[in-house]
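Lettering follows sequence order; numbering is per chain, from 1.
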Number of protein chains: 2
Amino acid sequence: MTVDTATRILDVAEELVQTRGLNAMSYGHVSARVGITNASLHYHFPAKADLTTALVTRYSERFFAALDEIERTKPDVADRLRAYTQLYAAVLASGRMCLCGMLASDFETLSPTVQDHVSAFFEHSYVWLERIIAEGVGAGRLPAPVSSRATAEALVAGLEGAMLVSRPSGDPGRFEGIADALLASIGVPARS
Amino acid sequence: MTVDTATRILDVAEELVQTRGLNAMSYGHVSARVGITNASLHYHFPAKADLTTALVTRYSERFFAALDEIERTKPDVADRLRAYTQLYAAVLASGRMCLCGMLASDFETLSPTVQDHVSAFFEHSYVWLERIIAEGVGAGRLPAPVSSRATAEALVAGLEGAMLVSRPSGDPGRFEGIADALLASIGVPARS
DNA sequence: GTCTATAACGAGATAGAC
DNA sequence: GTCTATCTCGTTATAGAC
């Protein structure tokens with residue numbers, strides 16, 4: 001039941017990127033924490049871009065699996081959207097930022113491949129939210145917005161921004177207040 | 001009418017931080033673009049933290065001067081809030097991100113002094129917006145929110161996040177759509 | 001798969017001449 | 001104020017033994 005080395009590398013690297021940012025995460029930091037040498041790390045991920053690609057791929061897969069799970073277990077649009085914001089809240093509560101949010105701020109320094117993966121993460125999020133919102137509107141359980149797509153983009157932007165500004169405030173609870181305000185603005189009350 | 005060296009250094013460093021991030025901005029990059037040596041750069045800003053402090057201080061002063069100007073020239077709350085979002089839009093239109101947004105994503109790697117300045121930038125923004133919103137509500141020109149402070153925080157978060165997610169989308173116009181949605185959610189129509 | 005060793009480079013920073 | 005020269009360290013990455 002031991003975890004293989006590649007997974008342990010990804011776990012450590014992910015935590016470093018989510019807290020300190022990609023350009024403050026080095027092979028030295030990762031290898032030291034995993035307990036292997038720099039050279040061994042390069043065996044698993046030859047270049048930093050390879051490691052970064054693996055990080056964003058795994059993060060995206062897990063995130064979208066969580067979206068599937070929300071859709072499967074919660075029939076009501078308000079519950080779904082609250083659960084969506086809770087995905088972000090849980091990341092922040094663990095002392096981390098959204099991996100793709102962090103990579104977005106370093107976007108210009110990313111390899112084209114990683115850039116594409118980051119872009120796809122957000123695009124996939126918009127598509128999922130737009131569909132969830134449109135379904136809620138169609139079922140008469142959500143007020144009709146000007147555009148479901150625009151609402152989806154504003155929600156993602158608001159949550160990513162809320163994570164970003166919560167850390168400098170030193171108040172971990174600040175995120176929740178902003179998230180509630182965002183949800184309320186699209187017709188989702190804070191409590192069911 | 002020539003610009004002094006310290007200012008040219010700040011101009012170049014600012015552009016690099018706003019596009020590539022603090023940890024991808026080096027003394028080598030800055031000195032090369034300014035046309036001086038690495039050693040000369042250290043004469044003006046002994047340590048990178050000194051340069052970063054000067055950057056965030058200047059950026060904050062200019063930003064808050066712009067807020068004063070908005071308040072002085074625009075009596076209507078809707079015009080004021082639209083102008084506020086336009087400050088962000090203008091930064092993005094110049095191919096840059098908010099300096100303090102970029103520093104917020106590298107928050108854990110900042111010196112305590114710089115962290116304090118970044119925190120103060122956001123806090124000052126909340127205070128200004130909260131007052132502007134509360135005045136607009138008091139004048140009956142804005143629907144009363146649950147909390148002016150919460151609305152202020154959500155607006156800043158939304159705008160910072162909108163900048164962040166606009167770049168991966170490859171669509172510069174995306175920011176405007178999100179900004180309009182944010183303004184509309186607090187009762188400010190897109191056009192006067 | 002992991003190691004030692006090392007290459008090759010860039011980073012932040014300093015000394016001292018001009 | 002700016003330079004040359006240098007230092008020290010961290011960084012990504014590779015070669016080759018085990």
> Once you round it to whole Å, what is the distance between P of D:dT2 and CZ of B:Phe45?
Replying inline: 12 Å
> Rounded to whole angstrom units, what separation is found between the CG atom of A:Asn23 and the P atom of D:dG10?
Replying inline: 18 Å
> Between D:dT12, C:dT4, C:dA11, which nucleotide gets closest to the side-chain atoms of A:His42?
Replying inline: D:dT12
> If you check every side-chain atom of B:Tyr27, which of C:dA13, D:dG1, C:dG1 has the closest atom?
Replying inline: C:dA13
> Between the main-chain N or O of B:Thr57 and the side-chain N or O of B:Ser60, is there a donor-acceptor pair closer than 3.5 Å?
Replying inline: no
>> Classify A:Tyr43 by what it touches in the nucleic acid, base, sugar-phosphate, or nothing, heavy-atom distance under 4.0 Å.
In response: base
> Between A:Glu69 and A:Lys74, does at least one N-O distance fall below 4.0 Å, as a salt bridge requires?
Replying inline: no
> For A:Asn38, does its backbone N or O pair with a side-chain atom of A:His42 as donor and acceptor, under 3.5 Å?
Replying inline: no
>> I want to check one thing: is the phosphate of C:dT4, taken as OP1 and OP2, less than 4.0 Å away from some side-chain N or O of A:Thr37?
In response: no
> Separation of A:Leu41 atom CG from D:dT14 atom P, in whole Å?
Replying inline: 13 Å
>> Of the listed nucleotides (C:dG12, C:dG1, D:dT2), which one gets closest to any side-chain atom of A:His44?
In response: C:dG1
> How close or far is atom C1' of D:dT4 from atom CD1 of B:Ile36, stated in whole angstroms?
Replying inline: 15 Å
>> Does this structure show an ion pair linking A:Arg131 with A:Glu71, if we count only N-O contacts that are shorter than 4.0 Å?
In response: yes
> What's the closest nucleotide to the A:Ala39 side chain, out of C:dT4, C:dT2, D:dA5?
Replying inline: C:dT4
> If only side-chain N and O atoms of B:Thr5 are considered, is one of them under 4.0 Å from the OP1 or OP2 phosphate oxygen of D:dT2?
Replying inline: yes
>> If you compare every side-chain N and O of B:His29 against the phosphate oxygens of C:dG10 (OP1, OP2), does one of them come in below 4.0 Å?
In response: no
> Donor-acceptor pair, B:Arg141 side chain versus B:Gly136 backbone, under 3.5 Å?
Replying inline: no
> Given C:dA13, C:dT2, D:dT12, which nucleotide is nearest the side-chain atoms of A:Asn38?
Replying inline: D:dT12
> Touch check for B:Ser26, heavy atoms < 4.0 angstrom, all strands: base, sugar-phosphate only, or nothing?
Replying inline: sugar-phosphate
> Whole Å only: how far is the CG atom of A:Asp50 from the C1' atom of D:dT14?
Replying inline: 15 Å
>> Using whole Å, what does the distance between atom P of nucleotide C:dG1 and atom CD1 of A:Ile9 come to?
In response: 10 Å
